[in-house]
Amino acid sequence: MGDLPDRFAGSLLGTALGDSIGASDWGRALARRGIIDPDAQPLGILPYTDDTHMTIGVAESLIERRGLDVDHMARRFAENYEREPFRGYGPGPPRIFRLMRAGVDWREAALRVYPGGSFGNGAAMRAAPLGLFYFDDLEALRRAVEEASRITHAHPLGIEGAVLQAAAVALAVRSGDGSPLDPGEFLGALRGLASQAVYIGKLEAIERLLKEGPDPGRVVLELGNGIEAFNSVPTAIFSFLANRDSFEGAVLYAVGLGGDSDTIGAMTGAISGAYLGAKALPRSWLAELEGADRLERLASALLEAKYGAGPILRRST
Ligand code: RVK
Ligand code: MG
C-alpha cells in the first residue's frame with residue numbers, strides 16, 4: 001500500500017475529471033467519437049459541477065473532524081452551497097440547505113423536501129472521500145456512508161447507491177497491488193453490502209454484461225444512465241470494470257453513455273482514479289482541471305487525517 005497517496009489523489013482528481021469531462025461539450029463530443037485519445041487537448045479550462053463541489057465538502061469535513069461528524073458535514077454542505085450556488089445542483093439539496101438556513105434541523109429538512117427521502121444520485125456522487133477514509137473497514141464504511149447520505153438522501157435506494165459507490169472506491173484502493181483485479185471478487189464484495197433487489201439484480205447484470213461485451217445500448221437499457229442512484233451507480237461500476245486498465249477509457253466510456261453524464265463520469269472517475277492512481281490520469285486533462293491543486297491537497301490531508309499524522313488542513317478559501 002505504498003502508493004496510498006497516489007490512489008487517494010487519483011480518486012479525488014478522477015472524480016473532478018469525470019465530472020468536468022461529462023459536463024463539457026468538448027468532453028461529450030470526444031466521448032461520442034469513441035476514440036480514446038489521452039493527448040486530446042481540452043478547449044479551455046474544465047470547470048467542475050456540484051458532484052465535485054459536494055465531494056470537496058465531504059473531504060473537508062472528514063479532514064477537519066478526523067472522521068464523520070454528520071452535523072458538521074451538513075453545515076459544511078450548506079455553507080459551500082451558499083458560497084457557490086452556481087454549480088448545477090440537483091433540485092432537492094438547495095431546498096434542504098435553505099430550510100437549514102431558516103433554522104430547520106437537516107434531519108427534518110431532507111424529509112420535508114422528499115417525504116420518504118431522495119433516491120437521486122447526489123449522495124453517491126460525493127461518496128469518494130468516505131470510500132477513501134474507510135477503505136480498510138467496509139462495515140465502518142457502510143455505517144458512515146449511511147449516516148452521511150441521510151443529510152440529503154434518506155431513501156434506502158439513495159443510501160444503498162452511496163454505500164456501493166463508496167465501497168467500489170474502497171475496493172479499488174485496496175486492489176491492484178501486484179495482482180490484477182478480479183471482477184467477480186469485486187462484484188461479490190459489493191453484493192455482500194447490497195440488500196435492495198434493484199442493486200442485487202444490477203450487480204448480477206454487470207457480471208453478465210462484462211462477459212457479453214460493453215455494447216452501450218445494452219448497458220443503458222439494463223443498467224440505466226439516469227439521475228436516480230440505481231440508474232447510475234451500477235453504470236459507473238460497469239464503466240470502470242469494463243475499462244479497468246485505462247482511466248480515460250473508463251471515463252470516456254461512461255460519458256459516452258449519455259444521460260446524467262457528469263455524475264456517471266464523476267463516479268467512474270472516482271473508482272478508476274482510486275485503482276490506477278493519479279499518475280495514470282492524462283496530463284493534458286489535469287492541466288486544464290479547475291481546482292486540481294486544491295483536490296490534491298485535500299487528498300493528502302484526508303490521508304493524514306486517517307492516520308493521525310501531520311498538521312490538520314484548515315479550509316483555505
Ligand atoms: C443536475 C420521486 C425522486 C425521489 C423520490 C428524482 C445534478 C427526482 C448532479 C429528483 C446530479 C432527482 C444530480 C434528483 C444529483 C429523487 N420520489 N423522485 N423520493 N428522489 N427523485 O433532487 O442531488 O445535476 O426526479 O435529491 O440527487 O450533477 O429531481 O438531487 O446529476 O431524482 O443533480 O434527486 O441530484 P435530488 P440529487
Ligand atoms: Mg453535476
Side-chain angles (χ1 to χ4, degrees), residues 12 14-28 31 46-58 73-74 76-78 80-82 84-100 106-128 130 145-146 148-166 196 198-199 220 223-236 239 251 254-255 257-270 289-291 295:
L12 296 192
T15 300
L17 279 178
D19 174 12
S20 59
I21 298 272
S24 81
D25 291 339
W26 172 81
R28 286 197 296 255
L46 290 169
Y48 58 75
T49 76
D50 59 325
D51 308 70
T52 303
H53 195 218
M54 291 207 80
T55 299
I56 289 171
V58 172
M73 191 175 284
R76 178 52 49 88
F77 286 166
N80 284 356
Y81 169 72
E82 281 178 20
E84 300 177 21
F86 52 82
R87 292 282 179 191
Y89 277 78
R95 294 171 59 202
I96 295 167
F97 302 146
R98 282 194 289 272
L99 285 170
M100 286 171 61
W106 60 261
R107 291 166 189 81
E108 193 192 323
L111 292 171
R112 251 201 234 175
V113 171
Y114 289 103
S118 169
F119 50 65
N121 54 21
M125 75 190 185
R126 67 183 190 230
L130 288 156
V145 176
E146 284 179 355
S149 298
R150 278 198 194 94
I151 299 170
T152 51
H153 290 68
H155 194 287
L157 292 173
I159 292 174
E160 192 155 300
V163 169
L164 293 173
Q165 170 63 17
Q196 302 285 327
V198 63
Y199 288 111
V220 170
L223 303 180
N225 63 357
I227 199 169
E228 305 83 6
F230 47 87
N231 284 327
S232 49
V233 172
T235 316
S239 298
V251 162
V255 170
L257 295 175
D260 193 1
S261 56
D262 58 322
T263 296
I264 300 173
M267 296 190 298
T268 305
L289 177 65
E290 180 192 7
L295 289 159

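All residue numbers in this chain count up from 1 along the given sequence. In listed order, ligands and their atoms are each counted from 1.
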Might you work through the side-chain contact (heavy atoms from CB on, under 4.5 Å) test for Met125 and Thr55, ending with a clear yes or no?
CA-CA 7 Å; Met125 75 190 185; Thr55 299; 5.7 Å; no

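Pro156 and Gln196 make their closest contact through CB-NE2, 3.6 Å (heavy atoms, listed as atom of the first residue, atom of the second, distance). Contact detail for Gly265 and Val251: the closest heavy-atom pair is O-CG2, 4.3 Å. Scanning both residues, Pro47 and Glu290, for their nearest heavy atoms gives CA-OE1, 3.3 Å.
Taking a cut-off of under 4.0 Å to the non-hydrogen atoms of Gly88, the atoms of ligand 1 that pass are 1 (C), 7 (C), 24 (O). Atom numbering of ligand 1 starts at 1 in the shown order; those under 4.0 Å from a heavy atom of Asp260 are 11 (C), 31 (O). Ligand 1 places these atoms under 4.0 Å from at least one heavy atom of Gly92: 22 (O), 36 (P).
Phe119 CE1, 4.2 Å is the protein heavy atom nearest to atom 6 (C) of ligand 1. The shortest contact between atom 11 (C) of ligand 1 and any protein heavy atom is with Thr263 OG1, 3.0 Å. When only non-hydrogen protein atoms are considered, atom 12 (C) of ligand 1 lies nearest to Ile227 CG2, 3.8 Å. Looking only at heavy atoms of the protein, atom 35 (O) of ligand 1 is closest to Gly90 CA, 3.7 Å. Considering only non-hydrogen protein atoms, atom 37 (P) of ligand 1 sits nearest to His153 NE2, 3.5 Å. If you check which protein heavy atom lies closest to atom 36 (P) of ligand 1, you get Tyr114 OH, 3.4 Å. For atom 15 (C) of ligand 1, the nearest protein heavy atom (residue, atom name, distance) is Asn121 OD1, 3.2 Å. For atom 9 (C) of ligand 1, the nearest non-hydrogen atom of the protein is Asp50 OD2, 2.9 Å.
Evaluated by nearest non-hydrogen atom to atom 19 (N) of ligand 1, the leading choice among Gly158, Ala266, Gly117 is Gly117.
Residue contacts with ligand 1: Tyr89 is placed with no nitrogen or oxygen under 3.5 Å of a nitrogen or oxygen of the ligand (distance criterion only). Checked by distance only, ligand 1 and Glu228 stay at 3.5 Å or farther apart across all their nitrogen or oxygen atoms. Looking at ligand 1, you won't find any N or O of Thr49 less than 3.5 Å from one of its N or O atoms.
A perpendicular orientation is assigned to the rings of Tyr89 and Tyr81, their planes being inclined by more than 60° (bins at 30° and 60°). Between Phe230 and Phe119, the two ring planes are tilted [angle within 30° to 60°].
A donor-acceptor contact shorter than 3.5 Å links the side chain of Arg87 to the backbone of Tyr48. A donor-acceptor pair under 3.5 Å is absent between the side-chain atoms of Tyr114 and the main chain of Thr152, judged by distance alone. In this structure, the side chain of Ser261 engages the main chain of Gly22 through a donor-acceptor pair within 3.5 Å. The backbone N or O of Thr52 sits nowhere less than 3.5 Å from a side-chain atom of Thr15 that would complete a donor-acceptor pair. In this structure, Gln165 contributes its side chain and Met267 its backbone to a donor-acceptor pair below 3.5 Å. For the pair Asp19 (side chain) and Thr49 (backbone), a donor-acceptor distance under 3.5 Å is present.
Protein N/O/S atoms closer to the Mg ion (ligand 2) than 2.8 Å number 4 in this structure.
Heavy atoms of Ser118 found under 4.0 angstrom from ligand 1 belong to the backbone as well as the side chain.
Side-chain contact, Asp260 with Ser232: no donor N or O sits under 3.5 Å from an acceptor N or O.
Using a 4.5 Å cut-off on side-chain heavy atoms (C-beta onward), Ile21 and Leu46 make contact.
Heavy-atom distances between Pro91 and ligand 1 reach below 4.0 Å in at least one pair.
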